[in-house]
Every structure is written in C-alpha cells, then in structure tokens.
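Report on one structure; see the data block that follows.
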Amino acid sequence: MTETRNIGDTLLKVDNISLSFGGVKAITGVSLEIREREICAIIGPNGAGKTSMLNVINGFYHPQEGTITFGGEVRRKMRPHLAAQGGIARTFQNVALFTGMSTLDNIMTGRNLKMKRNFLWQAINIGPARKEELEHREFVERIIDFLEIEAIRKTPVGRLPYGLQKRVELGRALAAEPKLLLLDEPMAGMNVEEKEDMCRFILDTNDEFGTTIGLIEHDMGVVMDLSDHVVVLDHGEKIADGVPDVVRADQNVIDAYLGVAHE
Amino acid sequence: MLYRESGQYKTNYADDQAIFPLKQDRWLMAIALVVAFVVIPLTSSEYMLQAVIIPFLIFALAAIGLNLLAGYCGQISLGTGGFMAVGAYAAYKLATSFPDLNMIVVFLLSGVVAAFVGIMFGIPSLRIKGFYLAVATLAAQFFLQWLFNKVAWFYNYNPSGTITAPPREMFGFMITGPAATAEARYMITLVVVVVLALVAKNLTRGHIGRSWMAIRDMDIAAEIIGIRPLHAKLSAFAISSFYCGVAGALFVFTWLGSVETEAFAITVSFQVLFMVIIGGLGSILGSFIGAAFITAVPILLTNAPQFFGFNMPIDLQKHFEVMIFGVLIIFFVIVEPHGLARLWQIAKEKLRLWPFPY
Ligand SMILES: Nc1ncnc2c1ncn2[C@@H]1O[C@H](COP(=O)(O)OP(=O)(O)OP(=O)(O)O)[C@@H](O)[C@H]1O
Ligand SMILES: [Mg+2]
C-alpha cells in the first residue's frame, strides 16, 4: 500500500512536546512525525491527551516545552489563524459548526481565508466581489457533491442530525484546501452506515486531493483499515508508534487498552 | 400569485446568489420601493411624514446598525444612543465648518467619524463578552453623552447648548433647516436609508458577514478556519457605528432640526435594542419591522381609543405602551430570538409548500 500511495517527506514534526494545565500533565515529552500524503492515526484511552495534541498542533494550546515543525518552519507558540493560514484545518470532537448558518454558508466560511475583496467591494456586490463569491461558490458546490449533501445545502446546520453535522464540518475543513487535515473522532456517535460513508470520504480525500490526514479514532477496525501509521498515547506519553499491524500486537498497547496498572 | 419557490429552478449559481432569489420577493421589494418613492410623498400629510415615517426610517437605520453588531456578530451593545450622538455632532461640526460641503458627504463622513469611535469602544470586546460587554458599551453611552454636553466646542459655544441643522440645499431643494419641507427631508432620508440597507444586505451575504456570524456562533471554530476575532469584531463595531452615526446625523438634520444631548440618552439605546429584538436578531428586514412596530404602537395607542369613542388618559397610554413592549420582549427573548422576521420566514416556508406540507 505504502509504495503505490507514494508517501513523501515529513510534513509535520512534533518534537518533545510537554503540556500541562496547572498541576495536570496532559502531554509529557511526546514526539511524532506525520509524512506527506499519509493517514496517521492517533489513538489511546480516554484522557490520553489526543485532543490536547491536536490543540497544540493548531495553536490552541501553547506547550511549555518542545517544538513543532510544519512545512519547514519551526515554532512552539502560534495563533490558530496562523496555523490556518499555513494550511492546517481540523474538525472537533464535539461538532463545532456555526449553528445559525446554512450548510452552504458554513462551508463557504471555510474559504474565508481565500477571499480577498475588501468590504467596499462587498458592499456594492458587483464586479470583482461578485465574481470572487461565485468562483468560491463553485468550489464549495464541488465539496457538497463530493460529500453527498446536496439536499441540505440551504438547511441551517443546527437542525441537522449529528451524523450530517459531522459531514458538514468535514466539508468546512476541506473548503480551506488544507495541507494537513486533523480529524478529532470524526466517526464518534455514528451508526455503521454513517461510519462507512465517513471512511470513504476520508480515504477519497486522501486519495484524490493528496491531503495529509491526522486522525483520532477509537474504533480499532477503522484505524486498522484507514491508517498508514499509528501513534498510541496513554496518560500523556507515547507508548507506541508504527504500522498498524505492529502496533496492534504491541504488549504496551494491549495493556493500556486493557487498563493494566502503570509503573 | 402564491408565494413559493417550487418551480423556480436556478440554472446557475449567479441567480441563486442574487440578493432576492425568489420572484415573489423581487415583486414585494419593487412594490415597497414604489410605495416609498411615489405613493407616500404624494399622499402623506406633513404630520404623517414628520411624526411617523421619517422617524421610522431613521430608527430603522440605527436598528440595522445595531443588528449588524448584535444580531450578526453577537456583540451586545447599549451604546447605540452614544454612537448616534457622535454622528449628529460630527455632522453639525462638519456642516457648520464647511458650509459648501455636499450634505450626503457630510452624512457619510459623520458615519466614518462614528465608526472610529465605535472601534475604540469595541476594543474591550476582544476580552469580554455578553453582560460585561454590555456594561462596557453602557460606559461609552454615558461618556459620549457627557462629553457632548460638557465640551462647548461641539455645539459651537451656543448658549442654549443645542445644535441646530443649518439650512442646506441639494438639487435646488432645501433639504435641511427650517425652510425644508417634510417631503424633501423625507426623500433625502429615504434615499440614504434604502441605499445603506442594500449595502448592509450585501455585506451580510459576503465573506465579511459570514465571518461575523462565525464569531457569533462559535468563536473558537471561527479562529481555526483563519478568521481573526480582532478583525471580525472591530469591523462589526466600525460598520455598526457607521450606521448609527449616519442615523444620528439624519436625526438632527432631516427629522428634528434641533436637539440637545438628551435626545441621545440611554432610552434611545434601549429603544433601538427593542426594535432589534422584536424585529429579529440577524435580519435586515427585521430591523425595519422592529422599527415600524416600535414607532407604530405609541401612535396606535394614542389614536385607537378615540377612534372607538372613549378617552384614555395619557399616563395610562404610556403604561400600556411599556407593558406591551415588556411582554413582547420577554416573549421574543425566550421563545423566538429571531423575532417577527422569523415568524414571517416561517409563514413564507409554509406558503411555499402549500398545499402539500410534505
Ligand atoms: N483546557 C484544559 N484544562 C485543563 N485540563 C485539560 C484541558 N484540556 C485537557 N485537559 C486534561 O488533559 C488530559 C488529556 O485530555 P484530552 O482531551 O487531550 O484527552 P483525549 O485523549 O482527547 O481523551 P478523549 O478520548 O476522552 O477525547 C485530561 O486529563 C484532561 O482533563
Ligand atoms: Mg479527545
């Protein structure tokens, strides 16, 4: 598999990150690498620090130690909008959509960074601003087709069922044409069919657009099927890192999941 | 003809993105414009224009301003009266210092001045939200009112402390000052309000509007898709205050002719806030509906009892007014935050599908 998908160089390198909240250590000295065009799964029991790791990568949390290298730039602290400008997009564990807006507008908002016309042009909505709006609308319509959500285009997302909301959220992240797409439990709370659809969208995204994906997921079946490479966190530490089959057989991982006492 | 979208297929995105995508909406809009530009000036009495229609338009403009900030960007403000005062005093200073300046330019520049003041008082919104922000904007309201009262330069050292719109003309008609007819003042107000309302509609449909709504609905998610809270919030404060400022300038120049700072007291801020809540948060149309409602109710209460042949004492009228608004505000805040505009929307949706609801 790896050979045919021509996985490239390191896109994201997280080096020796430590993050704590007051006394609570959420992450302790974790390093990991995600390479271009791969799907990297981050797994681990509840409270292992997976979401915190994504928050560090896209600038929400500022780690006390360690560096992050993304696209050649080394940094520790950054603001989320700078991460977005750099090409990192994500979805949230608890859907974080703009509930008052339609599906279309939510996904259009994902293109905000690419829209340049200032408010004076927008105010009169002719010429360049209108043309720009239409170009982006066309792009967004392609995403809507891709995710098979044509029927709910104009529906306020607050009224959609959970599974569809997750899909719209993926659409909003895709609209930014990210280099790195971070998905925090995109399949949580879905039924089997919805999960299958979501898996297909993730694989197609990776395949068709060559998007690098970092994925947090609890469903082991899904993880084994989708990922090229798995990182396992437990109590804020990395306990395993490698191809799915090896990680699955790893004794530390089995212990962590079965809840064997530490130390 | 029935109100519905079934059967109106759009073959390209440009049509779908049009400001009024439905044919019926376009017709309603055209009819409203004909009524506003032709029927009203031909049929309305001086009293009607001065007491009802001009204030309705000016308050609608202020309500649009507040709605952009509170309804679209989710930043609550009780400083509307203060920002209107900035516009009014800026227009007064500009018009008296530069007598040859075109009045439309004066109005727009007053809006720009108000926008800068709005940005200044919007800075706390980067740190605080909701109730605390409301208190901060309340401080703006009191500070501005105090400032214009205290510093005599703002009212050109006039011993009475009032500002009076100087007589100015446009296209050969007097549009401000004592000699301006109600019709002329109405027309100029109407043009400004209609143009700015369309601009507001465009802004809310473009990416600046989406970034405001994104901040309103979920600010952390907005930030990770690259929207900067600083830009979004301050631009909302600026544009909102621009609208309030122009409304304040019109308030003096095309409506009352002469005011004191008291005219822009906190009661005005609340009045505009009620318009936005009753009309509908996050709706330009709602701003008009809310303004119409709040201007119409007192007039109905004054005239309706006489119409039915009995007399209601003035103070009882006032009490009724307060009670009606109070009940409605509570109703809308709790049950339908999107206000009358939302009820209209629901009615439209029902009509669209009628007679087959599924
Ligand atoms: N903002 C915060 N303030 C304080 N503690 C936090 C914060 N965010 C996370 N933590 C703590 O950090 C630890 C790791 O949390 P995190 O959300 O990263 O886990 P997770 O692996 O995503 O778990 P789950 O599978 O339940 O989503 C937990 O102990 C959590 O309580
Ligand atoms: Mg988590």
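Here is how names work: the chains are called A, B, and so on, in the same order as the sequence lines, proteins then strands, and each is numbered from 1.
B:A200 does not touch chain A: none of its heavy atoms, backbone or side chain, sits under 4.5 Å away. Heavy-atom distances place the side chain of A:R79, and not its backbone, under 4.5 Å from chain B. For a residue to count as touching a neighbouring chain, one of its non-hydrogen atoms must lie under 4.5 Å from one of that chain's; by this rule A:I88 touches chain B with the backbone only.
Although no hydrogens or angles enter the test, the distance criterion places no donor-acceptor pair under 3.5 Å between the side chain of A:E33 and the main chain of A:V14. Without hydrogens or angle criteria, B:D219 side chain to B:I215 main chain gives no donor-acceptor distance under 3.5 Å. A:D15 places no side-chain N or O within 3.5 Å of a backbone atom of A:I68 that could act as its donor or acceptor partner. Judged by distance alone, the side chain of B:S287 and the main-chain N or O of B:S283 form a donor-acceptor pair under 3.5 Å. At least one donor-acceptor pair under 3.5 Å links the side chain of A:N206 to the backbone N or O of A:R37.
A pairwise comparison of heavy atoms in A:M101 and B:R216 identifies CG-NH2, 4.3 Å as the closest pair. A:A173 and A:T91 make their closest contact through CB-CG2, 4.2 Å (heavy atoms, listed as atom of the first residue, atom of the second, distance).
With a 6.0 Å cutoff to the six-membered ring centre and a 45° limit on the axis angle, A:R172 counts as a cation-pi contact of A:F98. For the pair A:R142 and A:F146, the cation-pi criterion (under 6.0 Å, within 45° of the ring axis) is not fulfilled. Under the 6.0 Å distance and 45° angle rule, A:R167 does not count as a cation-pi partner of A:F201.
The contact list for residues 60-75 of chain B toward chain A, using heavy atoms and a distance under 4.5 Å, is empty. Contacts between residues 227-247 of chain B and chain A, defined by a heavy-atom separation under 4.5 Å, are made by B:I227, B:R228, B:I239.
When each of A:N106, A:L147, A:I143 is checked for a side-chain contact (heavy atoms from CB on, under 4.5 Å) with A:V168, only A:N106 meets the rule.
Chosen from B:L203, B:I224, B:V199, the residue pairing most often with chain A at heavy-atom distances under 4.5 Å is B:I224. Note: A:E138 leads A:Q85, A:R111, A:E138 in heavy-atom pairs under 4.5 Å with chain B. The residue among A:E132, A:M108, A:E169 with the most heavy atom pairs within less than 4.5 Å of chain B is A:M108.
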Stepwise side-chain hydrogen bond (donor to acceptor under 3.5 Å, both in side chains) test for A:D184 and A:T51
CA-CA 7 Å; A:D184 197 346; A:T51 300; 2.9 Å; yes

